[in-house]
Amino acid sequence: MAPRTTLPQGSAWGRPQGTVTRGTTNPNRLRRQDRWIAAVHGPALRRSGPPPLAVDLGYGAAPWTAVELLTRLRTADPRTRVVGIEIEPARVAAAQPYAREGLEFRHGGFEVPVAGEVALIRAANVLRQYDEARVADVWARLCARLSPEGLLVEGTCDEIGRRHVWVALDRTGPRTVTFATRLGSLDRPSDLAERLPKALIHRNVPGEPVHAFLRDFDRAWAAAAPYASYGARQRWIRTVRDLAADWPVTDGPRRWRQGEITVRWEALAPVGR
């Protein structure tokens with residue numbers, strides 16, 4: 001078993017930054033995001049000189065997401081290490097029995113109490129409780145900790161991971177937005193609106209790009225209704241293919257088959273940003 005790694009107060013990183021979340025978590029809640037990260041960011045992990053370090057920021061009351069993140073990232077690069085970070089000390093203590101080679105748990109917050117640059121920071125269901133005005137500052141703080149090819153993935157999902165929307169950022173800022181869903185549970189694409197990340201969830205109103213995108217997504221979904229006879233996956237693929245004629249979709253059929261679509265951030269960014 002790995003040694004206890006909780007940082008003492010007064011460490012080099014100072015007082016943990018942020019507030020305690022509800023801590024709700026479930027096994028496999030973040031599987032869609034994990035698989036996307038392993039597929040899309042895997043080449044960058046493998047190019048890393050030292051073993052890549054990933055951070056699961058705000059993993060919650062139980063450490064399932066950090067444990068699963070290590071397993072899934074190691075399919076991309078077996079050298080990957082994961083540090084789970086929580087601002088609530090009791091949660092860090094409760095996670096220690098799950099620590100092992102390549103996986104440790106630390107007390108901290110947005111200051112990210114690890115040495116050096118980080119290949120990946122994943123912050124799922126963390127910023128949802130904050131004011132929208134805080135998002136840009138938190139993004140900037142976290143992106144400053146990334147390696148040159150590092151990635152910050154920040155977003156929101158439902159309690160069992162059926163619906164998930166996240167923003168991917170590099171050291172320069174936000175790059176893409178990904179919508180992911182279990183297709184069998186989907187009535188229409190705009191159902192994903194309730195899981196928009198904090199930077200977008202209050203912008204789903206007329207006049208904002210994300211509102212126009214979801215409107216067009218629903219229209220393309222309705223137009224693709226004849227493909228439903230071949231299954232929800234084929235309907236989704238046809239929908240995304242049609243949507244890509246008007247929106248900057250960055251991925252292709254391999255990811256669409258997983259119930260995903262990724263769009264450039266600048267196409268959905270809030271008005272005035």
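Ring orientation note: the planes of His164 and Trp166 are nearly perpendicular, at an angle over 60° on the 30°/60° scale. Between Tyr59 and Phe105, the ring planes are perpendicular. Angles over 60° get that label, and only those under 30° would be called parallel.
Heavy atoms from other residues, nucleotides or ligands lying under 6.0 Å from CZ of Arg175 number 12 at most. Remark: Arg134 CZ is loosely packed, at most 12 non-hydrogen atoms of other residues, nucleotides or ligands lying under 6.0 Å away. By the 6.0 Å contact criterion, OH on Tyr227 is open, its count of non-hydrogen atoms from other residues, nucleotides or ligands being 12 or less. More than 12 heavy-atom neighbours from other residues, nucleotides or ligands sit within 6.0 angstrom of CZ on Arg74.
The six-membered or imidazole ring of Phe110 lies away from that of Trp139, with a centre-to-centre distance of 6.0 Å or more.
Side-chain contact between Leu152 and Arg171: absent, with no pair of heavy atoms (C-beta onward) separated by less than 4.5 Å. Under the 4.5 Å side-chain criterion, counting only non-hydrogen atoms from C-beta, Pro209 is not in contact with Glu266. Annotation: side chain of Trp64 is not in contact with side chain of Arg29 (no heavy-atom distance under 4.5 Å). Between Val263 and Thr176 there is no side-chain heavy-atom pair separated by less than 4.5 Å. Residues Leu53 and Glu117 have side chains not in contact (no heavy-atom distance under 4.5 Å, counting atoms from C-beta outward). Residues Arg91 and His107 have side chains not in contact (no heavy-atom distance under 4.5 Å, counting atoms from C-beta outward). No side-chain heavy atom of Arg241 sits less than 4.5 Å from a side-chain heavy atom of Val249. Within the 4.5 Å cutoff, no side-chain heavy atoms of Asp170 are placed close to those of Cys143.
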Give the intermediate values and the outcome of salt bridge (Lys or Arg N to Asp or Glu O under 4.0 Å) for residues Arg141 and Asp137.
CA-CA 6 Å; Arg141 176 187 285 264; Asp137 287 343; over 6 Å; no
Can Arg79 and Ser48 be said to form a side-chain contact (heavy atoms from CB on, under 4.5 Å), step by step?
CA-CA 10 Å; Arg79 305 173 303 152; Ser48 172; 4.0 Å; yes
Applying ring-ring contact (aromatic ring centres under 6.0 Å, His included) to Phe179 and Phe213, what does each step give before you reach the verdict?
CA-CA 12 Å; Phe179 298 76; Phe213 173 77; 5.2 Å; yes
List the steps and the verdict of salt bridge (Lys or Arg N to Asp or Glu O under 4.0 Å) for Glu260 and Arg32.
CA-CA 9 Å; Glu260 297 172 9; Arg32 300 181 194 283; over 6 Å; no
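Between Arg162 and Glu194 no salt bridge is recorded (no basic side-chain N to carboxylate O distance below 4.0 Å). Salt-bridge annotation for Arg31 and Glu68: absent, with no side-chain N of the basic residue lying under 4.0 Å from a carboxylate O of the acidic one. The pair Arg106-Glu86 fails the salt-bridge criterion, with no side-chain N (NZ, NE, NH1 or NH2) lying under 4.0 Å from an Asp/Glu carboxylate O.
Of the options Thr178, Leu120, Leu169, a side chain to side chain contact (heavy atoms under 4.5 Å, CB included) to Val153 is made by Leu120 and by none of the others.
Legend: salt bridge (Lys or Arg N to Asp or Glu O under 4.0 Å) pairs involving residues 220-231, not counting sequence neighbours: none detected.
Here Arg35 contributes atom CZ and Gln258 contributes atom CD; the two are 8.0 Å apart, rounded to the nearest 0.5 Å. To the nearest 0.5 Å, atoms CG (Leu103) and CG (Leu70) are separated by 5.5 Å.
A donor-acceptor pair under 3.5 Å is absent between the side-chain atoms of Lys198 and the main chain of Leu127, judged by distance alone. Formation of a donor-acceptor pair under 3.5 Å by the Arg195 side chain with backbone atoms of Thr156 is not found in this model. Side-chain atoms of Arg46 come within 3.5 Å of backbone N or O of Ala76 as a donor-acceptor pair.
For the residue pair Asp251 and Trp256, a side-chain donor N or O sits within less than 3.5 Å of a side-chain acceptor on the partner. For the residue pair Gln33/Arg122, the side-chain donor-acceptor check at 3.5 Å is satisfied.
By the salt bridge (Lys or Arg N to Asp or Glu O under 4.0 Å) test, Arg235 pairs with no residue at all, sequence neighbours left out. In this structure Asp191 satisfies the side chain to side chain contact (heavy atoms under 4.5 Å, CB included) test together with Arg163, Leu186, Asp187, Arg188, sequence neighbours excluded.
When every heavy atom of Ala39 is checked against every heavy atom of Arg255, the shortest pair comes out as CB-NH1, 3.4 Å.
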